[in-house]
Structure formats: structure tokens, C-alpha cells
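For reference, the structure is listed below as C-alpha cells.
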Amino acid sequence: MDVLLIGGGGREHALAWKLKQSPKLGKLFIAPGNAGTRELGENIAISATDIPALIQFVQKNAIGLTIVGPDDPLALGIVDEFRKRNLRIFGPTKASAQIESSKAYAKALMKEANIPTADFETFTDYEAALAYVRRKGAPIVVKASGLALGKGVSVCATLEEAEKALNEIMVQHIHKEAGNEVVIEEFLLGQEISIHVLCDGIDFKMFPAAQDHKRALDDDQGKNTGGMGTIAPVPWVTPEMMYSIERTIVRPTLEALSFKSGPFAGMLFPGIIMTMNGPKVLEFNARFGDPETQVYMRLMKNDLLDVLNAVVDKTLGQINMEWLPMHAANIVLASGGYPDAYEKGFEITGLEEAGKMEEIVVFHAGTTQEGGIVKTAGGRVLGVSSLGSPLKSALARAYAAADKIQFQGKHMRRDIGAKSI
Ligand code: AMP
Ligand code: GLY
């Protein structure tokens, strides 16, 4: 089966790496891909959001399955457009993807279905939002409702920070239309985990819990990013906790989603805080996480192509998900300055040496290749992943390999997984 994978980040390199291991895979195309995916298939110069061009490519090349990586094509309705033309595609419809693309939609769904989440209010009026923040006081969390590349959230320790965040979103419009509506919510205290639930609209399969590290700097300091490193499974997450998440969050969410927007097919990825009062939802995503996918693909024993085909064919119930009995860790190497402005175009060295180390796979994210030289081309540049048991050994291996790779301005967190060892 020939496959088109949409996206060009670390998540897509990890998906491509895993797809490539399937004996059933024919040709693999990645749109637009990166310097890592070009080693595994053919990168094609179509943007992830150019839906007409993607449809044309799929029809012309008789692609058997299209897999959507990032959120924006989903929010634009790529799945609806493909289905209208009887083209097989992995991902939720535009209506279902609202659970990620509109925080206001997600919050309303959680309220209706009684799903545990932070208390919140939504605002479109700046003065009303300001008055609310002043009444509630800090700590408090201010979020742009729309998609803002994972940067639309400010966790504010003081009232001044909250007022500044509101001003930036609603007066200065730094996130443009994504900030027309603002969600203001209670600060939740506890460790954050990522839950991935693969759904075909009838059955679902929960992956082991993963943990991302969202802040740019060690000790959860600095700004929120797309994610600076992941581990899975999370050693302290018990089967009882997973069951509680399934019962209080996963099942009621799928039921409410089905009622509101039709059966959910694709990946449902709630970000959850394990509070003193049980698991509470921070946000929902309607796609694979990045860099969660990098650790999941290292651990998954199944043929990924079989699994994703089963979702599209609604036969997921027949699949038995199997995972290596080990831990995986993925350390993100970022450009200096990320998530704010950063320079790119720097040569990356040490990739080959790192890639040869035991249990190491280096996933590319923001990279390009020009005349045989791999260069930085984005904020998150690479993910250095390793397997090991216990978790500590996976982390030690990943860091040893990460230290072999160099580029100007390279930045990584040194404490990925540290709280879980
Ligand atoms: P979100 O995009 O909504 O997941 O928010 C990004 C990050 O901000 C999360 O991964 C958390 O680390 C943090 N965050 C968001 N909402 C809250 C909250 N209510 N309490 C504590 N931390 C939060
Ligand atoms: N790693 C978090 C996300 O993909 O949204």
C-alpha cells in the first residue's frame, strides 16, 4: 500500500520510521517532510494545509492511505474533503477536531459531560476578562482559545503577569484571531501526563502514559513550548490511575463527542494533570503528540500500518496492541531562543556518530538538507530517542547521544524524566 504522510516535524519522522518497518508498505510520500523523512521516503513540496494539492496528489498517485500528523489540516476539514471523494484518511473530521481547535468547544463539552477539568470562564470582551482576573487573583491561567502553535497559554504566578497576558492576547492581538476568545482558568497543581487513545468510532485503545516537558528551561522554568522531551511509560502511573482516566475522562469524552459531532475516529490525546483530587483535563488534542510519538514509536510492537488501517476500516477491536517491556526517552534539541525568535541555517554535526550508539534513534524535526549538509530549519530541531530499562538507563543513553550532536545555539533541557526516576 502506498502511503502519504502529512507534516514535517519530529512526530512525522517517527511515524515514517515506524511505517517503514511494515512489510505491507509500498511507496511512502511525506508532505512536506524534513531531512530525516527524506531518508525513508520521498518528500513532496506540498504544504500540510494545501488540501486541494494534497487531494490531487493522492488521486494521481493512487495513494491507499493518507495519515495526518499536525492539527491545522484537521481543523481545516481535510478529513471531510477526503471522505467526500472516497479517499482513505486517518484523522478526525473537522467537527470532531474542534475538541482541539477550539478550547471554548472543549470546555463546553467537558462541562456538559461532567468531565473533570479546571474551573473556567470564556471571554470575548477585554474589560470583562480583566475584571474577572482581578476578582480571581493569581495563580491563574490565561489561554487564547484558538490554535497558537502551543504558545497561546500563560501560566501566571502573579496578577501582573495575568494582566500582561490578557493585554497581549486581546489588545495587541499577538495570536491574531486565535485570541478573539480567551479562556481563563484555575491553576491546577500536580504532575502532567499525556494520554493517547486511538479510536475508530466503535472501539478504542489506550497507549501507555507518556510525559512531556512543556517549559523551555530546566525545573519547569521559562516559557511554554511545543514540548522539550518525553518519557513513556511513566513509572509512577499505576493501572488504577489509567483505569480512573479511562472511566472519568476517556469514555465520557468519546460518548459526548459522538453525540455532539459524530463518532470520533483518529487519535484523542488529552493532556491531564494528576491532582490531589484525581485526574483533571488540561486540554484535548485530536492527533498524535509531538514529541510523544517519538517515544511511542520506539515502544510499539505492532505494525503501525495495520493499526492505522484498522482505524480507517473500523476494525480496531480486532487488534491487540503490544508494547516492548522497556522505557523510551526522547530529548529535544532546540534552536537557541526557542520558543521566541531564533536563527536557523546552522550546520548540524555528530548525527551519524549519535545514530550509531546503542539503542539510539535520532528523529529530525526542524531540519533541511542542502548539498549533503544537514542544517537547522526550525525551533525544535532534533529528538534524540533511546530505549532502556529502567527509565534511568534510557535517559542516560539518550543524553550521551544528545551530547554528540552540535549546532550553533543548541539548547536542551537536562532534566527530562528526572522527576520520575
Ligand atoms: P495547554 O495548551 O492548554 O495544554 O497548556 C499548555 C501548558 O500550560 C500545559 O501543558 C500545562 O503545563 C500548562 N497549563 C495549562 N493549563 C493549566 C492549568 N489550568 N493549571 C496548571 N498548568 C496549566
Ligand atoms: N507534546 C504536546 C503536543 O503535542 O501537543
Is there a donor-acceptor pair under 3.5 Å between the side chain of [X] and the backbone N or O of [Y]?
{"X": "Gln59", "Y": "Gln56", "value": "no"}
{"X": "Glu39", "Y": "Thr37", "value": "no"}
{"X": "Thr248", "Y": "Ser244", "value": "yes"}
{"X": "Arg88", "Y": "Gly64", "value": "yes"}
{"X": "Gln369", "Y": "Val374", "value": "no"}
{"X": "Arg380", "Y": "Gly227", "value": "yes"}
{"X": "Ser194", "Y": "Gly271", "value": "no"}
{"X": "Tyr342", "Y": "Gly379", "value": "yes"}
{"X": "Asp80", "Y": "Lys94", "value": "yes"}
{"X": "His327", "Y": "Ser389", "value": "no"}

Between [X] and [Y], what is the shortest heavy-atom contact and its length?
{"X": "Ile63", "Y": "Leu4", "answer": "CG2-N, 3.5 Å"}
{"X": "Pro233", "Y": "Met326", "answer": "CD-O, 3.4 Å"}
{"X": "Ala328", "Y": "Leu387", "answer": "CB-CD2, 3.8 Å"}
{"X": "Ser96", "Y": "Pro263", "answer": "OG-O, 4.2 Å"}
{"X": "Ile231", "Y": "Gly417", "answer": "CG2-CA, 3.9 Å"}
{"X": "Cys156", "Y": "Ala162", "answer": "SG-CA, 3.5 Å"}

Beyond-backbone contact of [X] with [Y], side-chain heavy atoms, under 4.5 angstrom:
{"X": "Thr293", "Y": "Thr230", "result": "no"}
{"X": "Ile193", "Y": "Ile245", "result": "yes"}
{"X": "Phe187", "Y": "Ile140", "result": "no"}
{"X": "His213", "Y": "Gln211", "result": "yes"}
{"X": "Val332", "Y": "Met412", "result": "no"}
{"X": "Tyr338", "Y": "Met228", "result": "yes"}
{"X": "Ile249", "Y": "Pro279", "result": "yes"}
{"X": "Lys280", "Y": "Ile272", "result": "no"}

Please indicate whether [X] has more than 12 foreign heavy atoms, meaning atoms of other residues, nucleotides or ligands, lying under 6.0 Å from its [atom1].
{"X": "Gln191", "atom1": "CD", "result": "yes"}
{"X": "Gln318", "atom1": "CD", "result": "no"}
{"X": "Lys205", "atom1": "NZ", "result": "yes"}
{"X": "Glu255", "atom1": "CD", "result": "no"}
{"X": "Lys410", "atom1": "NZ", "result": "yes"}

Say you draw a straight line from [atom1] of [X] to [atom2] of [Y]; how long is it, rounded to the nearest 0.5 Å?
{"X": "Leu15", "Y": "Lys20", "atom1": "CG", "atom2": "NZ", "answer": "14.5 Å"}
{"X": "Arg83", "Y": "Ile78", "atom1": "CZ", "atom2": "CD1", "answer": "12.0 Å"}
{"X": "Leu391", "Y": "Ser420", "atom1": "CG", "atom2": "OG", "answer": "6.5 Å"}
{"X": "Leu65", "Y": "Lys24", "atom1": "CG", "atom2": "NZ", "answer": "13.0 Å"}
{"X": "Lys18", "Y": "Leu40", "atom1": "NZ", "atom2": "CG", "answer": "13.0 Å"}

(request) Check the pair Glu283, Lys103 against side-chain contact (heavy atoms from CB on, under 4.5 Å), reporting the backbone distance first and the verdict last. (result) CA-CA 7 Å; Glu283 64 158 355; Lys103 287 194 191 286; 3.6 Å; yes
Just by distance, no angles: are the side chains of [X] and [Y] close enough, under 3.5 Å, to form a donor-acceptor pair?
{"X": "Glu161", "Y": "Ser154", "answer": "no"}
{"X": "Glu359", "Y": "Ser386", "answer": "no"}
{"X": "Ser22", "Y": "Asp303", "answer": "yes"}
{"X": "Glu322", "Y": "Asn320", "answer": "no"}

(request) Can you spot which of Ile30, Ile89, Ile6, Leu19 makes a side-chain contact (heavy atoms from CB on, under 4.5 Å) with Ile67? (result)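 Only match with Ile67 under side-chain contact (heavy atoms from CB on, under 4.5 Å): Leu19.
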Side-chain ion pair, [X] and [Y], N-O less than 4.0 Å:
{"X": "Glu192", "Y": "Lys214", "answer": "yes"}
{"X": "Arg414", "Y": "Asp403", "answer": "yes"}
{"X": "Glu168", "Y": "Lys164", "answer": "yes"}
{"X": "Glu352", "Y": "Lys356", "answer": "yes"}
{"X": "Lys314", "Y": "Asp203", "answer": "no"}

(request) May I have all residue pairs that pass salt bridge (Lys or Arg N to Asp or Glu O under 4.0 Å) and include part of residues 47-70, sequence neighbours excluded? (result)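 For residues 47-70, and leaving out neighbouring residues, there are no salt bridge (Lys or Arg N to Asp or Glu O under 4.0 Å) pairs at all.
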(request) Could you go through the side-chain contact (heavy atoms from CB on, under 4.5 Å) check for Met274 and Trp236 one step at a time? (result) CA-CA 11 Å; Met274 302 302 283; Trp236 51 265; 4.0 Å; yes
(request) Give the ring-plane orientation class for His196 versus Phe288, where under 30° counts as parallel, over 60° as perpendicular and anything between as tilted. (result)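 If you compare the ring of His196 with that of Phe288, the planes turn out tilted.
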(message) Once side-chain hydrogen bond (donor to acceptor under 3.5 Å, both in side chains) is applied, do any residues pair with Lys107, and if so which ones, sequence neighbours excluded?
(response)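 Only Thr117, Glu185 meet the side-chain hydrogen bond (donor to acceptor under 3.5 Å, both in side chains) criterion with Lys107.
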(request) Kindly determine whether Glu42 and Lys27 satisfy salt bridge (charged side-chain N to carboxylate O under 4.0 Å, His left out), including the steps that lead there. (result) CA-CA 8 Å; Glu42 189 181 329; Lys27 283 194 209 132; over 6 Å; no
(request) Would you check if the distance from the ring center of Phe207 to the ring center of Tyr296 is below 6.0 Å? (result)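 Yes, close enough.
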(request) Kindly state whether the ring of Phe284 and the ring of Phe269 have centres lying under 6.0 angstrom apart. (result)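 Centroid separation for Phe284 and Phe269: 6.0 Å or greater.
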(message) Assess the residue pair Val183 and Val142 against the criterion (side-chain contact (heavy atoms from CB on, under 4.5 Å)); give the C-alpha distance rounded to whole Å, side-chain angles, the decisive distance to 0.1 Å, and a yes or no.
(response) CA-CA 6 Å; Val183 175; Val142 176; over 6 Å; no
(message) Please evaluate residues Leu25 and Met1 with respect to the criterion side-chain contact (heavy atoms from CB on, under 4.5 Å), reporting the C-alpha separation (whole Å), side-chain torsions for both, the decisive distance (0.1 Å), and the verdict.
(response) CA-CA 5 Å; Leu25 181 75; Met1 179 181 277; over 6 Å; no
(message) I'd like to check the side-chain contact (heavy atoms from CB on, under 4.5 Å) partners of Leu76; sequence neighbours left out, ordered by chain and number.
(response)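 Only Thr49, Ile51 meet the side-chain contact (heavy atoms from CB on, under 4.5 Å) criterion with Leu76.
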(request) Using the side chain to side chain donor-acceptor pair (under 3.5 Å) rule, pick out the option among Asp220, Thr225, Asp219 that qualifies with Arg413. (result)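 Option passing the side chain to side chain donor-acceptor pair (under 3.5 Å) with Arg413: Asp220.
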